[in-house]
Amino acid sequence: MPDTPLNAVVALRNEITPWLIILRIVPDGWTLPAFYPGQFSVIGLPGSAPRCAGSDAEDPAPDPDKLIRRAYSIASSSLTREYIDLYVALVTSGALTPRVFALNMGDRLWLSPKVTGLFTFDQVPEGQNVVMIATGTGLAPYMSMLSTHLMCGSPSKVSVLHGARHSWDLGYRSELLTLQHLCNNFSYFPVISRPQKEPIAWTGATGYVQELWKAGVIEKNWGFKPTPENTHVFLCGSPAMIDDAEAKLIAEGFTEHSKKTPGQIHVERYW
Ligand SMILES: Cc1cc2nc3c(=O)[nH]c(=O)nc-3n(C[C@H](O)[C@H](O)[C@H](O)COP(=O)(O)OP(=O)(O)OC[C@H]3O[C@@H](n4cnc5c(N)ncnc54)[C@H](O)[C@@H]3O)c2cc1C
């Protein structure tokens with residue numbers, strides 16, 4: 001028996017690729033707390049839960065009853081409190097994700113009753129422009145922010161720069177293309193780092209996502225330069241991308257935001 005009751009149920013398992021899923025989780029018999037878009041929750045499964053095919057063997061095996069817990073940014077809107085969506089990447093050697101990938105609709109897991117985090121859109125003063133830069137599943141908090149806060153036609157610009165290895169790893173691409181089509185103040189820049197593997201030649205941007213900023217794509221799209229005076233920048237995902245992008249932004253006069261010292265760079269590191 002797990003040391004904590006499994007208090008939630010998988011309502012949907014949307015497989016983007018075999019190693020990338022959107023998991024919809026519904027609390028069973030309790031209500032999700034109010035949360036701010038960009039915040040994260042924690043899910044858990046006991047060590048006894050099976051691992052998915054293709055994941056690495058574990059040695060030693062974990063305590064079968066103890067919950068393995070990890071944090072995940074909420075990808076769904078905070079306007080919806082029936083469920084949360086998580087956008088999860090498989091780490092084949094990992095402790096939790098191989099167990100999460102073995103879940104099917106109707107399976108139970110533990111969902112924390114708390115949602116927390118300071119990586120939120122409400123930290124941005126009104127009237128500022130926003131650039132959201134992500135690698136992989138670092139896109140998750142932005143999907144929650146956009147589906148809750150994006151105001152089409154507002155004078156403030158919002159842009160998403162999303163980097164992945166392959167085009168098929170660009171989850172939420174059709175939603176973001178649709179938003180770009182509907183909202184003239186929203187723009188989306190997908191970029192892939194391994195174009196040689198594409199079955200059909202990729203005609204979009206290639207390289208690392210932070211290179212797009214350096215290449216000035218935002219300035220070209222907006223028609224003016226993003227500066228610390230007019231723009232806030234969110235960075236989410238891999239530490240390598242965050243460190244590189246942050247160094248560039250600091251050189252341009254941006255500063256990291258904290259509760260004590262407000263700045264324009266907002267950071268969420270996944271590991
Ligand atoms: C605030 C916060 C929010 C997060 N939100 C998400 C999210 O929305 N989606 C998500 O997939 N992960 C997210 N993570 C990462 C997540 O908590 C786990 O670390 C991750 O799923 C791996 O768990 P694991 O037990 O399988 O691997 P572990 O046994 O914990 O191994 C961790 C190692 O796996 C690697 N790793 C961790 N995350 C990833 C990743 N996404 N892609 C590739 N390699 C990785 C790193 O090398 C890390 O050291 C978040 C982390 C934090 C701190």
Side-chain angles (χ1 to χ4, degrees), residues 36-38 73 75 87 117-164 170-173 175-177 179-193 204-258 262-270:
Y36 293 103
S73 304
Y87 183 34
L118 296 173
F119 188 72
T120 57
F121 204 84
D122 68 308
Q123 304 286 317
V124 178
E126 226 178 292
Q128 288 282 303
N129 306 295
V130 174
V131 178
M132 300 167 168
I133 306 179
T135 54
T137 52
L139 185 69
Y142 305 152
M143 294 314 298
S144 182
M145 293 175 185
L146 292 169
S147 56
T148 310
H149 289 301
L150 181 65
M151 286 200 295
C152 291
S154 144
S156 300
K157 305 276 190 190
V158 179
S159 294
V160 168
L161 275 52
H162 187 205
L170 289 165
Y172 290 103
R173 192 171 159 208
E175 287 87 338
L176 291 166
L177 286 169
L179 274 187
Q180 179 171 251
H181 175 67
L182 293 174
C183 300
N184 60 7
N185 57 325
F186 175 75
S187 49
Y188 166 55
F189 300 92
V191 54
I192 61 167
S193 59
T206 59
Y208 291 123
V209 66
Q210 61 274 27
E211 303 296 333
L212 288 179
W213 174 279
K214 295 179 195 168
V217 294
I218 300 294
E219 183 174 359
K220 269 180 224 149
N221 180 269
W222 289 1
F224 60 89
K225 194 173 161 59
T227 65
E229 289 69 43
N230 64 22
T231 301
H232 277 234
V233 183
F234 287 79
L235 304 174
C236 187
S238 83
M241 179 279 281
I242 291 172
D243 291 346
D244 194 15
E246 200 171 19
K248 172 76 183 145
L249 288 164
I250 287 170
E252 292 182 23
F254 290 83
T255 57
E256 186 163 340
H257 177 81
S258 73
Q264 312 81 15
I265 310 173
H266 306 260
V267 172
E268 189 79 287
R269 287 170 202 274
Y270 276 4

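H232 pairs by the side-chain contact (heavy atoms from CB on, under 4.5 Å) definition with V124, P125, Q128, Q264, H266, not counting sequence neighbours. Listed by chain and number, the residues in a ring pair (Phe, Tyr, Trp, His ring centres under 6.0 Å) with Y172 are Y87 (sequence neighbours excluded). Scored by the side-chain contact (heavy atoms from CB on, under 4.5 Å) test, N184 finds no partners at all (sequence neighbours excluded). Partners of H162 under the side-chain hydrogen bond (donor to acceptor under 3.5 Å, both in side chains) rule, at least two apart in sequence or in another chain, do not exist in this structure. For E252, the salt bridge (Lys or Arg N to Asp or Glu O under 4.0 Å) partners at least two apart in sequence or on another chain are K248. A search for side-chain hydrogen bond (donor to acceptor under 3.5 Å, both in side chains) contacts involving N185 returns nothing, not counting sequence neighbours. Every residue meeting the ring pair (Phe, Tyr, Trp, His ring centres under 6.0 Å) condition with F224, not counting sequence neighbours, appears here in chain and number order: W222. Evaluation of the side-chain contact (heavy atoms from CB on, under 4.5 Å) rule for I250 yields E246, I265 as partners, not counting sequence neighbours. In this view, L177 and R173, Q180, Y188 satisfy the side-chain contact (heavy atoms from CB on, under 4.5 Å) rule, not counting sequence neighbours.
Residues S159 and I218 approach most closely at CB-CD1, 3.7 Å, considering heavy atoms. Residues F186 and L146 come closest through the heavy atom pair CE1-CD2, 3.8 Å. What you find for S73 and P141 is that their closest heavy atoms are CB-CD, 3.6 Å. In terms of heavy-atom proximity, G163 sits nearest to V209 at N-CG2, 3.6 Å. Across F254 and T231, no two heavy atoms sit closer than the pair CE2-O, 3.5 Å.
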Can you give the donor-acceptor pairs under 3.5 Å from side chains of residues 129-140 to other protein atoms, not counting sequence neighbours?
residue	atom	partner	partner atom	Å
N129	OD1	K157	N	2.8
N129	ND2	N230	O	2.9
T135	OG1	S238	N	2.9

- Begin from the C-alpha positions of F121 and Y36 and carry the test ring-ring contact (aromatic ring centres under 6.0 Å, His included) through to its verdict. CA-CA 8 Å; F121 204 84; Y36 293 103; over 10 Å; no
Yes or no on side-chain contact (heavy atoms from CB on, under 4.5 Å) for V267 and E256, after CA distance, side-chain angles and deciding distance?
CA-CA 8 Å; V267 172; E256 186 163 340; 3.9 Å; yes
Query raised in the report: E211 and L161: side-chain contact (heavy atoms from CB on, under 4.5 Å), yes or no, with the steps?
Result: CA-CA 10 Å; E211 303 296 333; L161 275 52; over 6 Å; no
side-chain contact (heavy atoms from CB on, under 4.5 Å) between L150 and V158, worked out
CA-CA 8 Å; L150 181 65; V158 179; 3.8 Å; yes
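To the nearest 0.5 Å, the span separating CG on N221 from CG on L212 amounts to 11.5 Å. Atom SG of C152 is separated from atom CG of L179 by 6.5 Å, given to the nearest 0.5 angstrom. Atoms SG and CE, on C183 and M151 in that order, are 11.0 Å from each other to the nearest 0.5 Å.
Side-chain contact between L176 and M143 is present, with heavy atoms from C-beta onward closer than 4.5 Å. Side chains of W213 and L249 form a contact here, defined as non-hydrogen atoms less than 4.5 Å apart.
Under the disulfide bond (SG atoms under 2.5 Å apart) criterion, no residue pair touches residues 227-256, with sequence neighbours excluded. Sorted by first and then second residue, the salt bridge (Lys or Arg N to Asp or Glu O under 4.0 Å) pairs involving residues 224-243 (not counting sequence neighbours) are D243-R269.
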